[in-house]
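Worksheet for the structure shown next.
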Amino acid sequence: MTPRFAEVIMPLPIEGTFTYSVPEELSSIVKIGMRVVVTFGTHRLYTGIIQYLHLIPPDTKNVKPIFSLLDEEAILIRPQLDFWEWMATYYMASLGDVYVAALPSGLRLENETLIRRNPEVDKTLSFSSRESRIWNAISEDRACSIQELIKRTESKHAVVWIKSLMDKKAVIVSQTITDTYKPRTISMVKAAFNKDNEQEVQTIFERLKRAEKQLSLLITYLDLSQLLSKQETKPVSKQTLLEKSGASVAVLNGLVDKKILQLYDQPVSRLTHEITTPLQEAASLNLFQTKAYQSLLDEWKTKQTVLLHGVTSSGKTEIYIHAIQKVIALGRQVLYLVPEIALTTQLTHRLARVFGSKLGIYHSKFNDNERIEVWKNLLHREGLQIILGARSSIFLPFHDLGLVIIDEEHETSYKQQDSAPRYHARDAAIMLAHLHSAKVLLGTATPSIETYQNALSGKYGFVELKQRYEGITLPRVASVDLKEAFRKKQTAGHFSDTLIEAISGALSRREQVILFHNRRGYAPYVECPQCAYVPKCKYCDVSLTYHKQQHKLICHYCGFSQPLPDRCPSCGNNSLKIKGLGTEKIEDEVSQFFPNAKISRLDLDVANTRKGFERIITAFEQHETDILIGTQMVAKGLDFANVSLVGVLNADVLFHYPDFRAHERAFQLLSQVSGRSGRKGKQGNVLIQTMDPNHAVLPQVIAHDYISMFRTQMKERYEFCYPPYYRLIVINLRHKDENTVHHASERLAKQLRKLFSDRVLGPEIPPIGRLHSWYMRTLLLKIESNRSSNAAKKMLKETIAELQAEAPFQSVQINFDVDPM
DNA sequence: AGCACGCCGACT
DNA sequence: GTCGGCGTGCTC
Ligand SMILES: [Zn+2]
Ligand SMILES: [Zn+2]
């Protein structure tokens, strides 16, 4: 078939695709998955993606042709486009949103508008003063971008004046598309003379008689390149030549000036790891690992997805490596997903030692050129077989995925939070694996409730690895009653005397200490200092959040609110405390108590760059620092050999997150930080400070009892209608006018209740109810797990379409968070 | 998302 | 009057 029309995905948050006609000269070469340049709107050029080709004219009158093709072959392959479509539907985002999230931005060429003076301008034209200002700002001989002109004229309204100049035909406006991808090149040296012409070679040596250094450099070059021998000429880089000859750049430039040697740029890959040692065999598995690996293979015979529940330090990574080897031996590919924060050099080096150049790393913080090279390498099957990557690596062009490993599957950072599509990389990766008929391995020491339920129900296979490495015992975990310590005045700052003594003890034995301190962010809560009571929503079972402006306690799920009580409803104490507002200076306190200890801090402020993060970690690893104070970051995927004590300063913050997963997450986090304590031969200690030593999660953490946590949580999830029994969809509404968004949300809630009755919660004012002059409301929809979520999403979309058909609500912006975390 | 169009108040 | 503010609607 000769296609006449193309459905093009645009990099914009608009529903659907746009139909462009295929010009005749392109009709034989266009293919699905190619990038095209198209005009969209008045002038703008965009890079779109061809989703379909067909023959059916659209019913719009104005069909534009494809402006040009950017690719000779498709840059996206079939499974990817199917995957995009699934993601857009499931997460209720537009295909354009998925496109923007999926493709490295360097492959999405940006439009640039250029303005130049019209050389044939009518000299009799008169300009207004503002027009002249623009005219004078345009360079005489060169085209300028709009941004340049705005800067030069210091006027935000330059655009309007450019337009009036354009109307007078005084300037020419053109659109260009610029490619930002630049291959890395190295400077190479080659001969500028004909080596087979003996005469010429002779003359050169004559000429260099009085230039001793140049002659010696030339000889080094001939030596390295074997130019005059019968063997094949070897390429020589400028750097090698200068190093081997010991000559300066000036000497080389002399030869270049004399047209004896010549420099040229050679593109090189950015993907080469520094592999100094030869590849190593994978470590062999111990008895327990072997057993686990065998049952893993057994489970895969009947199940696509298998949960590997292995305690910390049980050696899950070795099992992963063995599974990877098996899959790549068949010529298939592997995606190894880790949470962003766990993508450390510790891990990449470990894998690179075994897999060498078959291993590729992919990470959203990587520079775009590197990401493009990984993309193209996979696309053109140039050798990468294993991708170790964070969330966004699910979008890479895998031709034949055989295995997807999702490490730390319970990690909430797998969920994209801030912008659409709000996908969960674990769930999306399982779907991706399904499209490739690939196996999935979910690994964790503390499975998410949803995953564990799937494993118990038989939907997933299930393998347990309970044995830690020999000589490594689980740490001794204990809680410290802060309330009592305060009463007995056995505290200093945020520290109980018990914790301070434990730290001193560890330091005196030359052992290291990790202090875990979680920040609170935007959700302050209220606590009774006497009995540690924290008010909860009676409908949703989550902690109420204190709202300063309204001086109220509000449930951020259903919107239930109550005034701040005067007395504690539990013990009658009359001074409830607002927690989580202060900026605690833990670091200062520690250095005050332990003036001789070397202390470092690891949180988002300090470790906002990968390098900063690695530096702090390495220093602690090598015992250059004694105490590491950190947020969640210290809990993730880091192994330290000499840590004997982990102190949790304020576990209560974890217990009282206004989130139905608070209990689960507290268990996971406390178990994980505990796992940092104790190494070969030494049992570690963990001290958890809390105002509420009777909190149900504490005995579970202390006894390392995942099952009991799972059971109690499942009961609560059932009772209060949460996953895994229900699926959740958050509906966010925003508008510049508070009244409008208020009425829109009330109206939407009313309409939805007709369809979903009491499964609709809200509307509610979110913790940050106003963002950059936008007012927000949220609704929460709960759908029974056994009901079709597709049908529910369709009904939801229809209801919203009806709402937005009404004039005042047209401009209300609505987005969704499916399976929120 | 960007961009044009169109309506309205506030300055020359 | 016109300048420049912003709300509204459309883009194949
Ligand atoms: Zn509630
Ligand atoms: Zn009380």
Side-chain angles (χ1 to χ4, degrees), chain A residues 3-23 26 30 35-68 88 93-103 105 108-113 115 126-134 145-147 149-150 153-167 173 175 177 418-421 734-741 744 772-775 801 803-815:
Chain A
R4 295 192 44 224
F5 298 98
E7 293 306 312
V8 176
I9 306 170
M10 301 299 288
L12 301 168
I14 316 173
E15 279 299 297
T17 53
F18 290 81
T19 313
Y20 285 83
S21 64
V22 178
L26 297 181
V30 280
R35 293 176 301 162
V36 290
V37 177
V38 291
T39 58
F40 187 76
T42 37
H43 309 290
R44 258 187 108 74
L45 296 173
Y46 283 93
T47 307
I49 302 279
I50 299 183
Q51 194 197 18
Y52 293 111
L53 293 164
H54 59 87
L55 298 166
I56 311 145
D59 33 346
T60 39
K61 28 194 155 78
N62 200 18
V63 181
K64 292 182 184 173
I66 289 172
F67 188 77
S68 70
S94 75
L95 265 176
D97 285 329
V98 179
Y99 166 24
V100 171
L103 211 66
S105 54
R108 210 179 61 237
L109 308 190
E110 289 290 341
N111 176 74
E112 200 182 18
T113 308
I115 292 106
S126 65
F127 292 157
S128 73
S129 67
R130 306 196 184 223
E131 284 171 344
S132 328
R133 235 170 90 195
I134 300 286
S145 72
I146 290 186
Q147 283 73 20
L149 292 181
I150 289 174
T153 57
E154 288 169 358
S155 156
K156 276 183 264 174
H157 303 286
V159 182
V160 180
W161 302 104
I162 292 167
K163 209 175 156 306
S164 73
L165 283 172
M166 201 174 94
D167 292 341
V173 175
Q175 306 283 324
I177 281 243
D418 32 13
S419 60
R734 49 176 218 157
H735 197 270
K736 297 227 170 180
D737 177 54
E738 177 144 40
N739 209 29
T740 310
V741 74
H772 312 303
S773 80
W774 289 91
Y775 289 88
L803 177 82
Q804 299 215 298
E806 290 177 53
F809 302 136
Q810 268 174 47
S811 50
V812 177
Q813 301 205 7
I814 299 178
N815 64 51

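Proteins come first, then strands; the chains are lettered A, B, ... in the order of their sequence lines, and each starts at number 1.
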Bounded by its outermost nucleotides with an atom under 4.0 Å from a heavy atom of chain A, the footprint on DNA chain B reads dA1(B) to dA4(B)

Rounded to whole Å, CE of Met10(A) lies from P of dC12(C) at a distance of 8 Å

Leu45(A) CG to dC12(C) C1', in whole Å, measures 15 Å

With Phe18(A) as partner, the option from Phe40(A), Tyr46(A), Tyr52(A) fulfilling ring-ring contact (aromatic ring centres under 6.0 Å, His included) is Phe40(A)

Gln813(A) CD to dT8(C) C1', in whole Å, measures 12 Å

Original post:
Are OP1 or OP2 of dG9(C) and a side-chain N or O of Gln810(A) less than 4.0 angstrom apart?
Top reply: yes

The complete set of side chain to side chain donor-acceptor pair (under 3.5 Å) pairs with one or both residues in residues 8-17 of chain A, sequence neighbours excluded, reads Glu7(A)-Thr17(A)

Rounded to whole Å, the CD-C1' distance (Glu7(A) to dC12(C)) equals 8 Å

Between CZ of Phe40(A) and C1' of dG9(C) the distance, given in whole Å, is 12 Å

- Message: Counting the atoms with a prime plus P, OP1 and OP2 as sugar-phosphate, which does Thr39(A) contact under 4.0 Å by heavy atoms, base, sugar-phosphate, or nothing?
- Response: sugar-phosphate

Quiz item: Between Tyr20(A) and Phe5(A), does the ring centre distance come in under 6.0 Å?
Solution: no

Under 3.5 Å donor-acceptor, Thr47(A) side chain and Val37(A) backbone: no

Item checked: Any donor-acceptor pair under 3.5 Å from Gln813(A) side chain to His735(A) backbone -> no

Looking only at heavy atoms, the pair that brings Gln804(A) and Val812(A) closest together is NE2-O, 2.6 Å

Exactly one of Ile14(A), Val36(A), Ile49(A), Val100(A) clears side chain to side chain contact (heavy atoms under 4.5 Å, CB included) with Ile9(A), and that residue is Ile49(A)

To the nearest angstrom, the CZ-P distance between Arg44(A) and dC12(C) comes to 13 Å

Ile50(A) and Ala6(A) have their tightest heavy-atom pair at CG2-CB, 4.2 Å

Between Pro23(A) and Ile66(A), the two heavy atoms sitting closest are CG-O, 3.5 Å

Atom CD1 of Ile50(A) and atom P of dC12(C) are separated, to the nearest Å, by 16 Å

Atom OH of Tyr46(A) and atom C1' of dT11(C) are separated, to the nearest Å, by 9 Å

Expected list for residues 16-23 of chain A near DNA chain C, using heavy atoms below 4.0 Å, is Phe18(A), Thr19(A), Tyr20(A)

